[in-house]
**Q** 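Below you will find the structure I want to go over with you.
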Amino acid sequence: MNMLLRISLLILLLTTANFGQIGNSEFKLQVSATVVDYLEMITLADIDVGTVIPSDDMLRLDPRTDQGAGLIKIVGRVNASIQISYSGQIEMVNLASSTSMTVSYSVSGNESSEQSLSELFTTNPETVTLNSNGEYYLWIGCAFSLLDLVPGQYDGDFVVEVDYN
Amino acid sequence: MIRNQIVKVMTLLIVWFFQTSVQAQTIQFSVHVASSLNATKDQDMNFDTVLAGNGLTTINLGDAGMGVFAITGNQELDVIVTMTAPANLTRTGASADVIPFTLEFAYANRGANDINQAVVASGNTVRFQMRQRASGPAGAPPTPPSSAHAPTEVTAYIYIYGSMNVGMIDAGSYTGNVDLSVTYD
C-alpha cells in the first residue's frame, strides 16, 4: 500500500469516527437543592400574672401547675434531640415610671401538651427530644418580689433559643 | 532503440502514479455523511434553599430554577431527545436521606428561547423537528449535506422542570444528575 493510499484511509477512519460523535450526543444536567433544618417556635399563650398588689410577698407562677404560665410549642424534625436555652432572669421596665423589677423565670417541658406532666428544667441549656410528631411543649413560669412595686404596666422580653444537637 | 525503452519506462511510472491518485480521490468522495448536532447547557436546575419538612416543592416551566439546554443542528431534520433521571436527589456527605423528585421537560423549536412557544413532552422521550415546519403533507426528503449543500442550522431549546418532596431530613446539599440523549431521527 503506498503512502497516498494509507493517508487516504486514515482520513476516512478519522472522518467516520468524528461523524459518529456529532450525530448522537449525551449531555448532563445537575439538579440541586439545599435543605436547611426546620425548627419553629409558636407562642400559644403569653405569661399572665393577673393583677397584683404591692406587698412583702413574692409572686411565684409555677410552670407545671399555674394556668397563667406561658406556653410555647416547638416544631421540628421527628424524634430529634434539641437544646433549649432561655433567659433565667431579666429586668422588666415600668412603661410609665421607667422603674424596673427583676423577674426570674422557670421553665418546664414535655413531649405532650399536658402541663401537669411537664418536668421542671434544672439546667440551662436543657437537652430534650421532640416527639414522634416533631413537637415539644414549654411552659414558662416566673417569680418576682411585690415589695415596693410601682403600679403600672411592665415590659420585657423573655428569650428562648432552640437548636438541634 | 535504447532511447525508446527509457521513454517507455518513464511513461509507465507516470501512469501508475496517476492511477493511485485516482483511487485516493474515490475513497474520500464516499465520505459525505451527517449533519452536526451540538448542545450546550445554559443552566442547571436548582431548587435553591428549602426547609426540611417543607413537603412538595415545585419548579414550574418558566421558573428561574428550571434547567435549560440549547441544541443546534440541521433545521431540516428531526431529533429524538431522551431524558434519564434518578428517582432521588442524594445528600453530599454521610447520610442516607434522599429527596424523591420527578421531572418533566418541554421543547421550543421555533427558533427562539421562549417558554411561551414550548411544547410539553409526554414521557421521557420526545421526537420533534429541529425547526417547526408548516403542517400539511410531508415534503421532499432533506438534501444530504455535501460540499455543494450546507444545510441551515437552527437552535432548539429544552426546558427541564419538576417537583421534589422534602421530608424531615438532614440539612445539607442534595444533588442528582440527569442525562439527556439527543440524536437525529
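Naming: A, B, ... by sequence-line order, numbering from 1 per chain. All values reported here derive from a predicted model rather than from experimental measurement.
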**Q** Using a cut-off of under 4.5 Å for heavy-atom pairs, which of Gly172(B), Gly167(B), Gly67(B) has the most such pairs with chain A?
**A** Gly172(B)
**Q** Is the number of heavy atoms from other residues, nucleotides or ligands under 6.0 Å of Ile53(A) CD1 greater than 12?
**A** no
**Q** In the single-linkage hydrophobic clustering (I, L, V, M, F, W, Y; side-chain heavy atoms under 4.5 Å), do Leu77(B) and Ile80(B) co-cluster?
**A** no
**Q** Side-chain heavy atoms nearer than 4.5 Å, only ILVMFWY residues, links allowed to pass through others: does that put Leu120(A) and Leu138(A) together?
**A** no
**Q** With rounding to the nearest 0.5 angstrom, report the CG to OH distance, Asp170(B) to Tyr164(A).
**A** 10.0 Å
**Q** For Asp157(A), is the CG atom crowded, meaning more than 12 foreign heavy atoms sit under 6.0 Å from it?
**A** no
**Q** Name the region of Ile160(B), side chain, backbone, both or neither, that has any atom closer than 4.5 Å to a heavy atom of chain A.
**A** side chain
**Q** Within the supplied structure, the quantity of interest is the number of heavy atoms (other residues, nucleotides, ligands) at a distance under 6.0 Å from Gln83(A) CD; does it exceed 12?
**A** yes
**Q** Answer whether the closest heavy-atom distance between the side chains of Leu103(B) and Val31(A) falls below 4.5 Å.
**A** yes
**Q** Flag the one option from Asp37(A), Val78(A), Leu29(A) with the top tally of heavy-atom pairs under 4.5 Å to chain B.
**A** Leu29(A)
**Q** What distance separates Met168(B) CE from Asn133(A) CG, expressed to the nearest 0.5 Å?
**A** 10.0 Å
**Q** Quick check for you: to the nearest 0.5 Å, what is the distance between Ile71(B) atom CD1 and Phe27(A) atom CZ?
**A** 7.0 Å
**Q** What distance do Lys28(A) atom NZ and Asp179(B) atom CG have between them, rounded to the nearest 0.5 Å?
**A** 3.5 Å
**Q** Answer yes if Val107(A) and Met41(A) sit in the same cluster of Ile, Leu, Val, Met, Phe, Trp and Tyr residues linked by side chain heavy atoms under 4.5 Å apart, and no otherwise.
**A** yes
**Q** Does CD belonging to Glu161(A) count more than 12 external heavy atoms closer than 6.0 Å?
**A** no
**Q** Pick one of side chain, backbone, both or neither for Met83(B), based on which atoms fall under 4.5 Å of a heavy atom in chain A.
**A** neither
**Q** Heavy-atom distances under 4.5 Å only: say whether Val68(B) touches chain A with side chain, backbone, both or neither.
**A** backbone
**Q** Are Leu59(A) and Trp139(A) co-members of a hydrophobic cluster defined by side-chain heavy atoms under 4.5 Å apart?
**A** no
**Q** Look at atom CD of Glu91(A) and say whether more than 12 heavy atoms of other residues, nucleotides or ligands are closer to it than 6.0 Å.
**A** yes
**Q** Got a second to check how far Phe47(B)'s CZ is from Ser32(A)'s OG, nearest 0.5 Å?
**A** 9.0 Å
**Q** I need the minimum non-hydrogen distance between Arg77(A) and Ile169(B), along with the two atoms involved.
**A** CD-O, 3.8 Å
**Q** Of the options Val50(B), Leu89(B), Asp97(B), Leu51(B), which is the one that meets Val35(A) in a side chain to side chain contact (heavy atoms under 4.5 Å, CB included)?
**A** Val50(B)
